[in-house]
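Structure first, commentary second.
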2 protein chains.
Amino acid sequence: MTNNTKDNGVPTLADVALHANVSTATVSRCLNSPERVGEKTRQRVMKAVQDLGYAPNFGAQALAARQTNTIAAVIPTMENAVFARGLQAFQEELGRHGKTLLVASSAYDADLEEQQVRALAARGADGILLIGYDRAPDIYAFLAKQQIPTLIAWSFNPEETRPSVGFNNRAAMTELARQVIGHGHKHIACVSAPTASNDRARERVEGIRDAMSQVGQSSSDLVVVETPYGIETGERAFRQVMTESPRTTAVMCVNDVLAVGALRAAREMGIKVPDDVSVTGFDDIEIATLAEPPLTTVHVPHREMGRCAADMLIHILRGDQDGHTLELATEIRVRQSLGPAPN
Amino acid sequence: MTNNTKDNGVPTLADVALHANVSTATVSRCLNSPERVGEKTRQRVMKAVQDLGYAPNFGAQALAARQTNTIAAVIPTMENAVFARGLQAFQEELGRHGKTLLVASSAYDADLEEQQVRALAARGADGILLIGYDRAPDIYAFLAKQQIPTLIAWSFNPEETRPSVGFNNRAAMTELARQVIGHGHKHIACVSAPTASNDRARERVEGIRDAMSQVGQSSSDLVVVETPYGIETGERAFRQVMTESPRTTAVMCVNDVLAVGALRAAREMGIKVPDDVSVTGFDDIEIATLAEPPLTTVHVPHREMGRCAADMLIHILRGDQDGHTLELATEIRVRQSLGPAPN
DNA sequence: TTAAAAAATGTAAGCGCTTACATTTTAGAG
DNA sequence: CTCTAAAATGTAAGCGCTTACATTTTTTAA
C-alpha cells in the first residue's frame, strides 16, 4: 500500500497532498478551480489523485462548502409512468449540471410527504422538487426556514405565486370537456383521484365544470366518483358510475390509468366504447395508445417538464431570479374512445 | 429571533444545547440514542429542537459519523416500468429503515454507468445497487477500493459469486421456450435488446437456445434480431424478422415492450396473432395484459425484488453476512398471444 | 449511613474539506 | 539587475457533528 497517514484504505486529501508534495489547499484547488494552479503542479497532483484512487469525502466537502450538489424530489410514486418519465428527464438534466438526485415517494399521502420532505432536507438537499401546490403550510414554512429553494411541478396556476413549472390542469380539462360536449354529450361523469390534497385532480374536475357552465349546463350536474390510483380502482369506479347514473354517456377520467380501467370495465359490462359510452383520460402515457379503443386524452409534455424543472431549480440555486414560473402547453389527442353521444 | 450564536438563520446543535442548557453531546444523544438520556432532559432538549426548528446539518453528520444513510441505485432508465416498479419498492423499504435513495440512470450505456457510479460514490453513498452483472472490471475494482458494498439485482446466475438478488433469466426463458416449442413451433425467432453489455438479455436469448437444444434442434437455427428498447424498435425488429425469415411462426421477445411493438407490427402487416405467428414477452408489466391479444410472458416479481434488494443491502451494511445472494422465482403466464403453430 | 455501581452529563478531540489570508515565487517593466 | 504586480502556493481556522473518555449525579446494596 501507499503511505497513507492513517492506514484505513480510503485516501484523503492530505494523503494526496503528501504524495504530490504540495499543501492540501493546492490539491483542493486542483480539483475545484484548476485554472488557479500551475500547470506542472496540477499534473503532479492529478497523478497522485489517480495513483491513490482518491475521491473526496462527501461529508467533509458538504460541510466545508456548505452545499451538497444534491437535489431532491418527492413524487407520489414512480410506478405512475407520468412521474417516472418526468423524473427520468429531471435526473438527466440534473446530471448534466453535476447534480445528483435524491428521491422519495409519498404514495399520495400528505403526512408521508411531509416526513419525506423533512428527511430529504436533513439529507442536505440543496433544492427540492414537489408535485402540485397542495400541502400543509408548515411544510412550506419549514422549507423557508431551512432556506431550501423549492419548485412545484405538474401544476401551473396563475393565481399561485410559488415558483412552478407545469400546465394549467383546469384549462386543459376544460378544453377536453368542450370536445366531449361538442360530441353531443349531456350526461357526463368524472372518475377522479381523491381531490382532498391533490390540486391537479381537483382542477381537472373543475375544468369539466367550467366547460359545462360555459354551455349553460349546471356544473352541479356533474357526477363525480373519487377513487385511488390504479386500473382496478378505475374499473370499480366506472361500474359505480354506470350503476348509479345509468344515463351517463361520457366518462371523463382524470388520468389515463383510471381511464384504462374504465375501458376494461366497459368491456366486461358489455358496454361499447364509444358507441354506448365515451371515455377520456389525461396524460397521454403509452397505454393510452395501446388501449382498446385508443384513448382520447390530454397530452402532457412530461419529459420537457422534468427537464425544465431541473433547469429552473438550478437557476434558482444560482440566484438567477429569472423565469420564476413556467407554463407548458398541453394538447388534446382525440382517438377512438370518444364518439358522438348515442341518441 | 432566538439567540443563535451566529445569526444566520439555520440553527445548529450548539444553539439547541444553549437553548436547553445542556452540552452538545447531550443534544446529540437525545437525537441518536434517546434511551441514554434522562427523561426530563430529553423533553427539554426536544422542546428546544422544536422551538428552534433544528435539523441536523447533513455534511457535519456524515463527516462525524462516517456514513450518510444514503443508498444509491444506478438503473438503465426509470421509464422502463420494470425498473420504476422495482425502484419504487426499493425506496419504500429503504425509507422504512431510515435510508434515503440516490438515483442515477445509465440509459443502457456502459460508460455512462461508470460515470454515474463514480458520481454516486462521491456523493457518499453507503451502498449501491446495480442492475445485472455485466460491467467493466474497473467499476468493481473502484467500488471495492472505496469499500462500498454493492448488490446486483435483476440477475441471478449460479455461476457468479457477487451478492445478488434476482432470478435466473436463462432458466426462465428456457421454460417459456419449452412452452412455445410444446405448441409445435419449429421456426422461432428472438427479438432481443443489445446483448453486448447486458447479461439479462443475453441469458434470455441463451435460454431459448437451451430449450431448442433440449429437443434436439440446433440452437444456431435461432434467428436473433437485436434492437434498442422501445415499442417502435420492437415494431421494426418484428418486420425485419418476418421479412428475412418468413417461415417464422413464433417471435420471442426479451421484454414486454418489444413484444408489444411486435404485436403492433403484426397487426399492421395483417399477420394474425396467434393464428399466424405467436408472440411472447418477458416481465409481465401492465401492458402485457392490456395488449391485444394479451401477451404470454414471464412474470417477474419486480416489487419483491426491489424490497429484497433493500433488505439485503441493509444487512450487508450492518455486517450481517447472511443471505448473500437470493434467487427469486418467476412464473410463466400463458395468454392469448401464444397459440399452436400453424401447419 | 456510606461505598460502589450505574446512569446522566460534560469536555474536547477530531472527521476531511474549503477558503481567507499570508507568504513565496515568477514575470514584467524600467 | 531591481522593483512591483501578479501568480502560485502554503498556513491554519473553521464547518457542525459524533463519541471516547472524564466527571458528576443518582441509585443500589450492605
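To find a chain, count down the sequence lines: A is the first, B the second, and so on, and within it residues start at 1. Quick note: numbers below take in every heavy atom, side chains included, and nothing from hydrogens, waters or symmetry partners.
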N or O in side chain of T12(B) less than 4.0 angstrom from dG16(D) OP1/OP2:
no
Could you tell me whether F58(B) contacts a base, only the sugar-phosphate backbone, or nothing, with contacts defined as non-hydrogen atoms closer than 4.0 Å?
nothing
Nearest-Å distance, CG (L18(B)) to P (dG16(D))?
14 Å
Rounding to an integer number of Å, can you tell me how far R66(A) CZ sits from dG16(C) C1'?
15 Å
What's the CZ-P distance between R29(B) and dT18(D), to the nearest Å?
11 Å
Of L31(B) and T26(A), the one whose closest nucleotide on DNA chain D sits nearer the 5' end is T26(A)
A65(A) or A25(A), whichever maps to the more 5' nucleotide of DNA chain D
A25(A)
From CG of L13(B) across to C1' of dG10(C) the rounded distance in Å is 14 Å
Whether S28(A) contacts dT18(C) is assessed here as follows: a side-chain N or O lying under 4.0 Å from the phosphate OP1 or OP2. Is that the case?
yes
When rounded to whole Å, the NZ to P distance for the pair K40(B) and dA8(C) reads 13 Å
Gap between atoms CD and C1', on E35(A) and dA7(D) respectively (whole Å)
12 Å
Does NZ or CZ of R162(A) come closer than 6.0 Å to the centre of the six-membered ring of Y133(A), within 45° of the ring's axis?
no
Rounded to whole Å, OH of Y54(B) lies from C1' of dG16(D) at a distance of 7 Å
Can a cation-pi geometry be assigned to R307(A) and F90(A), taking NZ or CZ under 6.0 Å from the six-membered ring centre and within 45° of the ring axis?
no
Closest nucleotide among dT9(D), dG10(C), dC15(C) to the R36(A) side chain
dT9(D)
Under a 4.5 Å cut-off applied to non-hydrogen side-chain atoms, are H302(A) and W154(A) in contact?
yes
Atom pair distance, as rounded to whole Å: CG in L63(B) and P in dA13(C)
17 Å
Quick one: is Q61(B) getting a side-chain N or O under 4.0 Å of the dT18(D) phosphate, OP1 or OP2?
yes
By nearest heavy atom, map S23(B) and A64(B) onto DNA chain C; which one lands nearer the 5' end?
S23(B)
Looking at N32(A), I'd like to know whether one of its side-chain N or O atoms comes within less than 4.0 Å of OP1 or OP2 on dT18(C).
yes
Would you indicate whether E35(A), at its atom CD, is surrounded by more than 12 heavy atoms from other residues, nucleotides or ligands within a distance under 6.0 Å?
yes
Check every atom of dA12(C), dC17(D), dT9(D) against the side chain of T41(A) and return the nucleotide holding the closest atom.
dT9(D)
Check whether the side chains of S105(A) and T77(A) place a donor and an acceptor atom closer than 3.5 Å, and report yes or no.
no
